[in-house]
Q: 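First the structure, then my questions, so here it is.
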There are 2 protein chains.
Amino acid sequence: MSGATPLGPGREFDAVRSLLRRWGDRAAGIGDDAALLDVPSGARLVVSTDTSVEGVHFRREWLRPEEIGWRATMAALSDLAAMGARPLGVLAAIAVPPRWRELLDSLGDGVGEAAAAAGAPIVGGDLTGAGELSICVTVLGAAERPLSRRGARPGDAIYVTGRLGGPRAAVTAWQRGETPRADCRERFARPVARIREGVWLAAHGATAAVDVSDGLLADLAHVAAASGAALELDLDALPLLDGIDAAEGARGGEEYELALAAPDDLDTARFSRELGTPIARIGWVRAGAPSVSATLRGVRVAAGGGWDHFS
Amino acid sequence: MSGATPLGPGREFDAVRSLLRRWGDRAAGIGDDAALLDVPSGARLVVSTDTSVEGVHFRREWLRPEEIGWRATMAALSDLAAMGARPLGVLAAIAVPPRWRELLDSLGDGVGEAAAAAGAPIVGGDLTGAGELSICVTVLGAAERPLSRRGARPGDAIYVTGRLGGPRAAVTAWQRGETPRADCRERFARPVARIREGVWLAAHGATAAVDVSDGLLADLAHVAAASGAALELDLDALPLLDGIDAAEGARGGEEYELALAAPDDLDTARFSRELGTPIARIGWVRAGAPSVSATLRGVRVAAGGGWDHFS
């Protein structure tokens with residue numbers, strides 16, 4: 001473990017040492033009371049924390065331990081993507097029940113792979129016993145011109161990256177005791193935070209962004225509230241995985257795609273060519289009281305909804 | 001909630017809004033996907049994350065909800081103290097079981113009071129359902145010359161702040177079904193991170209520091225391992241609460257005092273006068289294989305031990 005400060009004896013620290021061995025060069029500077037980081041001159045520090053809890057965000061029988069670690073880490077990194085920030089580092093606080101102890105290394109592998117995929121070193125964390133598995137991932141990033149939820153202006157278009165509907169379809173299948181379609185399962189189990197896309201969008205005129213974690217309609221409601229604007233969506237334009245219904249795609253959470261406002265001349269062809277990621281224009285920002293409304297096949301459908309992890 | 005970005009509808013966000021109302025000016029800039037912070041020019045960013053879990057770090061019947069929130073926050077801030085860092089902000093990720101829902105505001109009050117006491121705004125967080133209460137607090141700070149665990153040099157003296165033994169005595173009393181002594185209970189329920197003390201010590205020659213979270217002997221074992229030095233402690237010099245046995249004081253965790261190495265001419269009188277905090281010289285750093293040894297009434301006693309939250 002090059003660069004790590006040696007730790008004293010103890011079972012907790014044996015588990016930390018095991019994780020550090022597996023992470024290798026992916027971990028940096030762990031072993032002090034806190035991590036040290038330098039924020040590039042001219043950039044602002046961007047920081048977010050996100051918890052994944054067994055039985056709330058996933059069930060043990062749905063996912064392999066590596067996937068649980070990957071998913072928890074990408075879910076947190078997705079908040080950096082929504083701010084247009086480059087990752088500087090990841091901290092993983094894992095609360096581990098006895099029945100999960102032997103799977104901790106595999107879980108850690110998933111955390112390490114997700115951090116590496118996003119180009120973020122693991123700079124710290126915490127390991128504790130618990131009655132249920134809980135992974136609290138804190139992500140640190142830097143942005144010269146961070147995106148927020150506040151900047152959507154009347155006349156902007158609304159866009160969304162990727163193809164929606166997979167995670168919700170996978171969860172629905174599991175809840176019915178069925179096996180989800182492979183592409184839907186993959187979207188739930190191995191989400192990819194749209195880090196490069198967020199940086200590109202921040203540099204190319206996006207005015208507001210949010211990541212789709214609670215469902216497109218619910219997340220855009222935050223943009224409407226923050227920007228003080230009315231958002232009108234055309235759900236017929238929604239990019240969907242094959243066979244997914246638009247109403248489902250608009251409500252499903254855990255997508256970790258980006259929904260954003262930008263001028264309607266955003267160069268979507270260049271975006272997709274440079275990043276290999278689809279992007280679609282799905283609506284407009286209008287002057288008016290904060291709201292999200294949507295039409296499907298020309299008919300106005302109820303907006304709102306989405307996942308609420310607190311219910 | 002001046003300065004906060006408005007949030008969309010949803011029960012989770014109602015709970016967040018309630019916390020934000022209670023925090024008032026103690027919260028800053030919450031409501032985007034991530035928080036923005038500026039690190040002072042010339043300083044390094046110091047960051048740490050720490051989780052407090054019901055049934056592991058505390059029991060519900062021991063503490064009021066405010067105390068649980070305070071304690072979880074101060075435990076995390078204590079890591080900044082050990083690095084000699086000034087707090088820049090706090091993020092609180094709270095996983096709340098249904099039976100805790102109505103106590104969430106009180107819990108949040110404790111988080112807000114502890115952050116305010118340390119001069120740190122609450123800049124973000126996360127709220128989710130769970131089966132057990134878990135509070136993951138991430139702290140961000142800045143330091144021009146951060147302390148680490150690595151710098152202890154042969155010839156340095158070892159010091160500890162405060163008076164030890166209260167938290168362990170309180171927990172022992174609760175575990176026996178007794179009522180803890182008020183001063184011991186207060187030390188467990190309302191710890192104070194030694195932030196100003198850490199900044200002072202970093203500026204006045206301390207070479208290494210750690211906060212006493214797992215027990216003085218266990219935490220100094222990290223300093224010994226990190227600094228590659230042998231630490232020799234005189235437990236007769238240990239500053240203790242009245243009636244506490246030195247062996248107990250040396251092993252009790254959750255103290256959130258600072259243990260440090262510094263030249264033996266550290267001006268302890270000035271430290272106590274300026275900060276109002278006791279500090280005592282309790283041993284020496286020697287050349288040798290990393291180890292911690294201790295004598296009590298002139299007799300060598302076994303070292304090691306301490307609390308292990310993972311066992």
Side-chain angles (χ1 to χ4, degrees), chain A residues 5-12 15 31-39 44-51 53 55-56 79-80 82-83 85 91 93 95 123-132 134 136 138 140-141 146 148-150 210-211 218 221-222 224-226 304 306 308-311, chain B residues 5-12 15 31-39 44-51 53 55-56 79-80 82-83 85 91 93 95 123-132 134 136 138 140-141 146 148-150 210-211 218 221-222 224-226 304 306 308-311:
Chain A
T5 298
L7 292 161
R11 268 204 285 172
E12 177 178 350
D32 258 307
D33 287 278
L36 293 174
L37 284 171
D38 293 305
V39 180
R44 303 199 72 190
L45 174 67
V46 183
V47 56
S48 181
T49 190
D50 195 73
T51 304
V53 180
V56 177
D79 286 325
L80 293 186
M83 303 290 285
L91 295 92
V123 297
D126 184 48
L127 205 53
T128 182
E132 68 190 357
S134 173
C136 178
T138 299
L140 300 151
S148 81
R149 300 173 175 178
R150 297 180 183 225
V210 71
D211 74 321
H222 296 309
D308 185 339
H309 288 133
F310 203 55
S311 64
Chain B
T5 299
L7 292 160
R11 266 205 286 171
E12 177 179 348
D32 258 306
D33 288 276
L36 294 173
L37 285 171
D38 293 305
V39 180
R44 304 200 71 190
L45 175 66
V46 183
V47 57
S48 181
T49 190
D50 194 76
T51 304
V53 180
V56 176
D79 287 325
L80 293 185
M83 304 288 287
L91 295 93
V123 297
D126 184 48
L127 206 52
T128 182
E132 68 192 354
S134 171
C136 177
T138 300
L140 300 148
S148 80
R149 298 173 176 179
R150 297 181 182 221
V210 70
D211 74 321
H222 297 311
D308 185 341
H309 289 132
F310 203 55
S311 61

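All values derive from a computational prediction rather than experimental measurement. Every chain is numbered from 1, with letters handed out A, B, ... down the list of sequences.
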Q: So for A:Ser148, is it side chain, backbone, both, or neither that comes closer than 4.5 Å to the heavy atoms of chain B?
A: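 Contact with chain B involves both backbone and side-chain atoms of A:Ser148.
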Q: Under the side chain to side chain contact (heavy atoms under 4.5 Å, CB included) test, which residues partner A:Ala35, sequence neighbours left out?
A: A:Val123, B:Val47
Q: Does A:Glu132 reach the main-chain N or O of B:Glu132 with its side chain, forming a donor-acceptor pair under 3.5 Å?
A: yes
Q: Which residues pass the side chain to side chain contact (heavy atoms under 4.5 Å, CB included) test with A:Ser48, sequence neighbours left out?
A: A:Asp79, A:Val139, B:Ala34
Q: So which atom in A:Val56 and which in B:Gly129 form the shortest heavy-atom distance, rounded to 0.1 Å?
A: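 Reported closest heavy-atom pair: CG2-O, 3.4 Å.
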Q: Evaluate the side-chain proximity of A:Met83 to B:Leu36: yes if any heavy-atom separation is below 4.5 Å, no if none is.
A: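 Side-chain contact under 4.5 Å: yes.
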Q: Please lay out, stage by stage, how B:Thr49 and A:Thr49 fare under the test side-chain contact (heavy atoms from CB on, under 4.5 Å).
A: CA-CA 10 Å; B:Thr49 190; A:Thr49 190; 5.8 Å; no
Q: Which one wins on heavy-atom pair count under 4.5 Å against chain B: A:Gly55, A:Gly124, A:Gly131?
A: A:Gly131
Q: Determine the minimum heavy-atom distance between B:Thr51 and A:Asp126, stating which atoms define it.
A: N-OD2, 2.9 Å
Q: Give, for atom CG of A:Asp50 and atom CG of B:Leu91, the distance between the pair rounded to the nearest 0.5 Å.
A: 11.5 Å
Q: Between A:Ala95, A:Ala85, A:Gly125, which residue shows the highest count of heavy-atom pairs closer than 4.5 Å to chain B?
A: A:Gly125
Q: Considering only heavy atoms, which portion of A:Val210 lies under 4.5 Å from any heavy atom of chain B: side chain, backbone, both, or neither?
A: both
Q: Given the options A:Leu80, A:Val53, A:Leu45, which has more heavy-atom pairs under 4.5 Å with chain B than any of the others?
A: A:Leu45
Q: With only heavy atoms counted, which part of B:Val46 is less than 4.5 Å from chain A, the side chain, the backbone, both or neither?
A: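 B:Val46 touches chain A through backbone and side-chain heavy atoms alike.
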